[in-house]
Amino acid sequence: MEYDVIMIGSGPGGYTGAIRCAQLGLKTAIIEKYPSLGGTCLNVGCIPSKALLDSSEHYYNAAHTFAEHGIKLEDLKVDLPQMIARKTNVVDQTTKGIVFLMKKNKIDEIHGVGSFVDPHTIKITKADGSEQTITGKNIIIATGSKPMSFPSMPIDKKRVITSTEALTLQEVPKHLIVIGAGVIGAELGSVYARLGAKVSFVEFADSMIPTMDKTMGKELQKVIKKLGADFYFSHKVTKVENTGDEVVVSVDTPKGEQITLTGDYCLVSVGRRAYTDGLNLEAAGVKADNRGRVEVDDYLRTNVPHIYALGDVIRGAMLAHKAEEEGTFIAETIVGQKPHIHYRLIPGVVYTWPEVAAVGYTEEEVKQEGIPYKVGSFPFKALGRARASMDVDGLVKVLAHKETDEILGVHMIGARAADMIAEAVVAMEFRASAEDVSRMSHAHPTYTEAFKEACLAATDNRAINM
Ligand SMILES: Cc1cc2nc3c(=O)[nH]c(=O)nc-3n(C[C@H](O)[C@H](O)[C@H](O)COP(=O)(O)OP(=O)(O)OC[C@H]3O[C@@H](n4cnc5c(N)ncnc54)[C@H](O)[C@@H]3O)c2cc1C
Ligand SMILES: NC(=O)c1ccc[n+]([C@@H]2O[C@H](COP(=O)([O-])OP(=O)(O)OC[C@H]3O[C@@H](n4cnc5c(N)ncnc54)[C@H](O)[C@@H]3O)[C@@H](O)[C@H]2O)c1
């Protein structure tokens, strides 16, 4: 069978790209090695982690804030197997939705491991060992990523686990040691901290979420500390050992001393790596870089012009919505359109509570690039809406160009920041100034007023409610 497009991988990049190809009239097949569609994001990433984040937040509020709201509960308990079962249901419904979308768009769904035979031919090896071969005028590599680890921290999936196992634990850990306080560490560490686990973060860098604006890491640490967590920043893990019922983690301190931490589970969340295992890229002559990522040009084309790649398997942020934009971009490029992705304006969100969300330059980046800038900040505790709901932690920080007032970056930590960041993305896509946002009416009382107030503060220090 010959297709216009063969998509290898059905994550957010793969399924979105396949749908856009079909919408544009291209005969499309999608290959997925697992029985369910949706990739990392729907099966073991974005969706299940958000389901557990929400459940654990409900429990935390029931235990810690309901009484102040005037709601009394007795015999409050965590039923983790039920929490996990609900998460699994959410995943099932969501992945079945993708099957429906494939059918609706007349995309052929083929399950099995796809590998190149030559630059136009893909062999699919199915679970029963049978093989099928198809050819494509265009092929898109959308094979995503897998958790990374180091030899000093061997994953056994029982006590030394990755995010995938952390989404299916059947007991709340007594002491969870999290290696890496990046996005996964912060999100899944906070799930179990809210459910009552002692959580210790061991992080190589000097703060949480170290690639985001430094203010965000500091604020996030304050709120996670309230959950009883410990932090070991600038510490280096030298050994992780499963001793049966426990895990012993050996760590070098910044002073060069050796300490050990003992817990019942250790979550290794030190990043993810591009996944091309089994693809047989050599048969197509497709080049990968020294980090194993498929190399692409500005049109997301590999060195073989009819083979494209997207999402976690190429350079750039490992985010579902980045992969989705790239899927659409490739489909439109194939039919001769001229799409565009503004990479600097892809927002990043950490779904702790409060949430952290950002778009554009960090303060560290504007400093480093020598861009003249000014800052306006506004704390949530000064917001009526936040006091009404008792969500007073956090702030909005706006960076604007010192001379032109154009918004350069927006960084938020606070309730509903994940949704609020969309306003900042729109403003920045239209190259708004801080003054522009300051003059737009924001409904009262809402959390979005914090963005307006931070813009007022950045314009010329004229925030009203501070
Ligand atoms: C715990 C966790 C939480 C996350 N939360 C978020 C979030 O809230 N927001 C966000 O934006 N991002 C989040 N991410 C990141 C997000 O999941 C990824 O950025 C996104 O899934 C990348 O999409 P993709 O299409 O590139 O690849 P993937 O989603 O990884 O999909 C690739 C697919 O290709 C398949 N595949 C691989 N090789 C082959 C082959 N040879 N043949 C056939 N099929 C193959 C794989 O089985 C997989 O299904 C999270 C990740 C994790 C781990
Ligand atoms: N909400 C979201 O959008 C979301 C959620 C989860 C995952 N993701 C994506 O998945 C990817 C992987 O997430 P992640 O949290 O594993 O990666 P990450 O890059 O966010 O964080 C990894 C952390 O581990 C630290 N680290 C690395 N090696 C270490 C070592 N030897 N000892 C101690 N610390 C070490 C790093 O300094 C970093 O802070 C990220 O790129 C992220 O974009 C996104």
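When a ligand or atom number is given, it counts from 1 through the structure's own listing order.
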Identify the protein atoms, limited to N or O, that lie within less than 3.5 Å of an N or O atom of ligand 2, and list each pair with its distance to 0.1 Å.
from, atom 1, to, atom 2, distance (Å)
ligand 2, 1 (N), Glu187, OE2, 2.8
ligand 2, 1 (N), Val349, O, 2.7
ligand 2, 3 (O), Val349, O, 3.4
ligand 2, 15 (O), Val183, N, 3.3
ligand 2, 15 (O), Ile184, N, 2.8
ligand 2, 16 (O), Gly271, N, 2.8
ligand 2, 20 (O), Val183, N, 3.2
ligand 2, 34 (N), Phe204, N, 3.2
ligand 2, 37 (O), Glu203, OE2, 2.5
ligand 2, 39 (O), Glu203, OE1, 2.7
ligand 2, 39 (O), Glu203, OE2, 3.2
ligand 2, 43 (O), Met318, O, 3.0

Quick check against the 3.5 Å criterion: does Arg272 have a side-chain atom that pairs as donor or acceptor with the backbone of Ser145? yes

Sub-3.5 Å donor-acceptor pair from the side chain of Asn61 to the main-chain atoms of Thr65, do we have one? no

Measure the shortest side-chain to side-chain distance between Arg293 and Tyr275 over non-hydrogen atoms and say whether it is less than 4.5 angstrom. no

Value for CZ (Phe380) from CG (Asp393), rounded to nearest 0.5 Å, stands at 10.0 Å

Any side-chain to backbone donor/acceptor pair from Asn43 onto Val91? Under 3.5 Å, distance only. no

Per the under 4.0 Å non-hydrogen criterion, ligand 1 touches Ile8, Gly9, Ser10, Gly11, Pro12, Gly13, Gly14, Ile31, Glu32, Lys33, Tyr34, Gly39, Thr40, Cys41, Val44, Gly45, Cys46, Ser49, Lys50, Gly112, Val113, Gly114, Ala142, Thr143, Gly144, Ser145, Ser163, Ile184, Arg272, Tyr275, Leu279, Gly311, Asp312, Met318, Leu319, Ala320, His321, Ala323, Tyr351

Residues at least two apart in sequence or cross-chain that pass side chain to side chain contact (heavy atoms under 4.5 Å, CB included) with Thr211, listed by chain then number, are none

Under the salt bridge (charged side-chain N to carboxylate O under 4.0 Å, His left out) test, which residues partner Glu219, sequence neighbours left out? Lys222

Please check if the side chain of Ser200 supplies one atom and the backbone of Val178 the other of a donor-acceptor pair under 3.5 Å. no

Scan side-chain atoms only and decide if Thr328 and Glu325 contain a donor-acceptor pair under the 3.5 Å cut-off. no

